[in-house]
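One structure is given below, encoded as structure tokens.
A note on names: the letters A, B, ... follow the listed sequences, proteins ahead of strands, and every chain is numbered from 1.
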Amino acid sequence: MRNESNWGSKRLHIVAFLLLAIGLVNQYSASATSSHFSFYRQLVFSGVGIAIYVFILRYANYRLLGRLAWIFWGLGLLALALVPLIGVSAGGSQRWISLGAFRFQPSEIAKMTTLLAIAAAAGKRDQRSLRFTDLFTPLIIVGPPCLLILLQPDLGTAGSLGIAALLTVLFTGVKPKVAVLLLAISISGTVAAWNFGLKPYQKSRVITALNPEKSASGSGYQAVQSKLSIASGGLTGSGPMQGYQSQGDYLPEQHTDFAFSVWAEEWGLIGSLVVVLLFGWLLIEMTEIAYVAKESLGTYIAIASASYVAVALWINLFMVLAMFPTVGLALPFFTYGGTHTITLALTLGITQNVFARKNLF
Amino acid sequence: MEGWQRNWAKSSALRSRIVAFRLVLCIPLLFICYRLYDLQILQHTELSERASNQRQRVRKVSALRGEIHDQTGRPLVQNAPLFQLWAEPTLTSSDIEVELLQNVFGYSTEDVRNLFYRNKARRVGTKTLLIDNVPYEKAAPILARQDKLAHIEMQTTFQRDYLDPAAASHILGYIGEANSRDLEENPLRYSSGDRVGKQGIEKVFDRELFGANDYEIIRVDAAGFKIETLQEANPVHGSTVTLSINYEIQKHLFEQLSEHRAASAMVFDIQTGEVLAVASYPPLPLDEFRYRIESKTWQGLNQHPDRPLINRPFLGIYPPGSTYKPVVLLAALQEGLTTPGETVTCTGSKRIGNRRFRCWNRYGHGKVDAIRSLKVSCDIYYYEMGLRLGVDAIARYAKLLGLGRETGVELVHEGRGLIPTSQYTQTKFGQPWQPGDTAAISIGQGFNLTTPAQVARLYGSLANGVVTDLTLKKNNQPKRAKLPIDEEHLQLVRNALYSVVHEAGGTGGRARDRTIEISGKTGTSQVVSNQDLDLSVEDTEYNKRDHAWFAAFAPSKNPRWAAVALVEHGGHGGSTAAPIVRSILHTTQKVLNAQ
């Protein structure tokens with residue numbers, strides 16, 4: 001028993017599969033106006049995702065992955081660098097690479113490999129509080145991919161990567177002075193991005209988020225429609241497949257970034273809170289693995305993974321609730337899409353692998 | 001060990017750090033929970049109402065306009081579907097709608113753009129009325145694909161469908177889009193875009209015909225397609241108006257008129273006041289008024305020399321000519337100023353004041369008594385009677401017999417005409433009334449003006465001693481008033497009118513019919529002045545000719561109907577108008593006895 005890997009955290013299995021089931025039910029409803037096309041595709045992605053998840057948790061070795069983190073990081077960076085050269089454009093930005101019949105988003109992959117590299121770098125260090133000089137390595141790791149993603153431009157992914165990396169670094173322990181510096185870097189980075197990095201449509205999105213009513217049919221349309229959909233749900237919701245807003249096609253991107261609005265309209269406050277609570281539970285189970293991990297690399301991998309999921313959650317939900325600009329970021333388990341579903345499966349799989357191997361070595 | 005730190009695992013320091021980290025991760029979730037509560041509970045009512053408003057459209061559902069039937073229930077005016085193509089100006093050449101318009105109508109993208117430009121005034125909401133009155137063959141392919149077309153819409157509405165667009169055109173009238181005055185006058189019944197009665201029966205009975213529109217509430221998707229009906233509209237369809245008109249008689253009457261340039265005729269039931277047939281020629285082209293009236297069409301009608309817009313039987317005012325003579329005779333008999341046996345000698349002319357007044361027969365009629373005066377229509381006899389009576393006494397009897405006042409028929413406008421009194425010249429021209437003026441009005445000329453309908457009513461009154469108002473609606477029972485004139489005088493006039501048609505030397509011999517005995521009177525009214533008409537050379541002769549009258553009742557023994565015909569510039573009443581009245585009364589008897 002002692003020197004065997006197990007089948008991962010049961011509670012994490014349960015919460016992940018509950019969320020997956022809810023996400024698929026919602027995808028079915030959200031795709032009703034397009035004969036459930038995206039639902040059936042998502043069903044396939046989910047099957048592939050589950051296979052990857054089980055395979056990683058059972059047969060991978062996170063320490064090996066940790067040692068190879070730099071190579072993965074390099075590959076992720078390479079994929080990102082290829083986007084401007086051979087990438088496919090959609091909606092004003094270049095985010096995709098075609099691989100035969102498949103298209104994938106390198107930024108999703110790079111996000112994961114970058115966080116793995118951060119965790120690996122932190123794991124090498126002892127657990128004393130970070131000094132200024134210790135910030136150098138994470139900055140080297142996060143900077144280049146973040147910049148390349150920002151250039152696509154994909155503000156949502158770049159931002160979420162930055163924040164998730166920052167959270168992971170913060171977890172490894174910082175002195176107050178370092179915390180202040182990190183804060184200063186974040187703020188000045190934001191200001192610089194606003195002035196030099198953001199395209200006009202991105203700026204207008206930010207402004208819209210602050211006051212979505214200003215242009216209800218222009219850039220604020222999605223935010224307003226999402227707000228109206230969610231509010232229409234009330235306490236108990238309109239029932240599955242009964243959302244007036246979603247079934248009437250008022251919600252743009254309702255099968256992708258705004259999938260949660262469909263859920264909130266059809267299942268009401270009760271259904272919405274259930275989902276938020278499940279997400280909270282998911283984060284707790286992921287961080288619990290950080291506690292039971294055999295050594296700090298496992299801890300940091302679990303923490304980085306939890307940060308990755310948490311930041312995606314925050315940004316997407318803030319966005320659909322019209323509290324944040326419409327940046328376009330996937331909601332785990334809810335958003336239709338192959339790359340991010342498989343990335344999520346890899347992330348959860350590695351985390352489970354940390355649990356599975358907690359008694360090994 | 002492989003170089004990884006492990007001294008941290010499962011330590012209490014790690015536990016407390018993880019607890020803190022969990023707090024950091026979950027605090028935003030609390031904000032999210034609060035925001036959900038805020039939107040779904042606190043703002044639920046307000047925002048869901050806003051959401052449902054954007055999903056709903058209120059759409060007017062027009063009531064179907066009532067039909068107009070003749071007295072036998074034959075539909076004179078019905079509804080037929082009308083297809084209109086509405087489109088959004090945002091249409092671009094890549095839309096499938098443009099391709100469809102190309103296939104169905106053969107329009108290029110450029111043509112479509114021009115159509116939008118031409119019809120830019122016909123815009124309601126986001127859509128513009130692109131093509132009005134689309135034929136069914138072209139509407140069908142678009143209607144079949146309607147649920148896949150977001151930017152164009154084939155709307156189905158109604159237009160009027162006429163059994164006979166000419167025969168009763170002035171009476172039926174027409175509909176048109178409600179203008180600002182219509183909307184102001186009937187704010188509850190009409191709303192913008194409604195088509196409402198503009199003239200004739202369509203206007204007068206609009207309350208019955210229009211019904212009541214209603215509104216439906218539908219749920220639409222983001223593109224504006226209907227998903228479901230939330231509230232059905234229950235428009236109250238207009239009810240049928242049944243006229244007193246008999247189409248068989250009407251058609252015949254109209255055909256009689258169509259042989260002339262400008263004429264009118266009418267026949268009515270003297271017991272009920274119901275008009276059986278009445279027409280004005282030239283007719284209105286109702287075929288061009290089915291849905292809307294183009295201003296070009298309107299202008300053409302307005303400038304037409306024969307003035308087809310005038311409903312002559314009720315709006316045309318003419319001197320009554322000799323058809324007026326029974327009024328003067330009755331007045332003289334009733335006032336005791338003459339007796340049936342008294343004779344007046346006609347030498348062909350008579351001096352009144354310093355003017356010589358002629359009889360139409362310049363050789364003179366010799367001795368003329370009451371009956372003969374009507375039979376030969378002797379002017380000298382009437383100059384004499386007129387002078388005995390004086391203008392005011394004549395006017396009193398004329399008013400009594402319904403002249404110079406409306407017949408009460410259900411039309412928007414009706415001419416009143418003019419029956420002058422001794423005050424007339426004073427107020428109008430500042431000159432005292434002259435005996436010569438009395439002489440002129442005694443034979444129905446001068447200042448006298450009547451409508452053909454009034455003259456028809458006069459002959460109905462002569463037939464049964466009752467002055468009735470006229471009506472175009474079946475079973476309407478209009479007002480009736482018994483004449484305060486002795487029956488023996490009325491009977492004398494009836495006998496005289498019989499002799500006009502049936503005795504040798506009578507002026508109305510051409511009204512004699514083999515199946516129905518007709519009593520009537522000819523009239524030839526002089527066209528006094530044509531100076532106000534801007535006439536072309538070839539029209540001058542026509543416009544100088546006299547108007548031809550004939551008015552009658554029938555059957556002579558037991559009168560049921562009275563009729564009139566007036567042919568403008570038709571020359572002599574006896575030759576032009578009498579055959580029309582004969583034919584109308586003949587047909588009236590035939591049609592009504594057959595039914």
Checklist outcome for this item: Ranking B:H44, B:E49, B:E46 by heavy-atom pairs under 4.5 Å to chain A gives rank one to B:H44
Checklist entry - Is there a side-chain contact (heavy atoms from CB on, under 4.5 Å) between A:L317 and B:L36 once you walk through the steps? => result CA-CA 10 Å; A:L317 291 181; B:L36 283 166; over 6 Å; no
Checklist entry - How far does SG of B:C33 sit from CG of A:L269, to the nearest 0.5 angstrom? => result 8.5 Å
Checklist entry - Do A:W314 and B:F31 have side-chain heavy atoms sitting under 4.5 Å apart? => result no
Checklist outcome for this item: Of the listed A:L321, A:V276, A:L277, A:V311, the one with the largest count of heavy-atom pairs under 4.5 Å with chain B is A:L321
Item to check | Beyond-backbone contact of A:L283 with B:L29, side-chain heavy atoms, under 4.5 angstrom | outcome: yes
Checklist entry - Is the shortest heavy-atom distance from the side chain of B:R22 to the side chain of A:M286 under 4.5 Å? => result no
Checklist entry - If only atom types and distance count, is the side chain of B:Q40 paired as donor or acceptor with the main-chain N or O of A:S232 below 3.5 Å? => result no
Checklist entry - Between B:L25 and A:A306, which heavy-atom pair has the shortest distance, and what is it? => result CD1-CB, 4.1 Å
Item to check | Exceeds 12 heavy-atom contacts within 6.0 angstrom, atom OH of B:Y37 | outcome: no
Checklist entry - Any side-chain heavy atom of B:I32 within less than 4.5 Å of one from A:L313? => result no
Next on the checklist: Would you compute the distance between atom CZ of A:F279 and atom SG of B:C26 and round it to the nearest 0.5 angstrom?
Outcome noted: 12.0 Å
Checklist entry - Got a donor-acceptor contact below 3.5 angstrom from the B:R50 side chain to the A:L228 backbone? => result no
Item to check | Choice from A:G280, A:G233, A:G268 maximising heavy atom contacts with chain B below 4.5 Å | outcome: A:G268
Checklist outcome for this item: In terms of heavy-atom pairs under 4.5 Å with chain B, the winner among A:I303, A:L273, A:I284, A:L167 is A:I284
Item to check | Side chain, backbone, both or neither of A:A310 within contact of chain B (heavy atoms, under 4.5 Å) | outcome: side chain
Next on the checklist: To the nearest 0.5 Å, what is the distance between OG1 on A:T299 and CD1 on B:I18?
Outcome noted: 6.5 Å
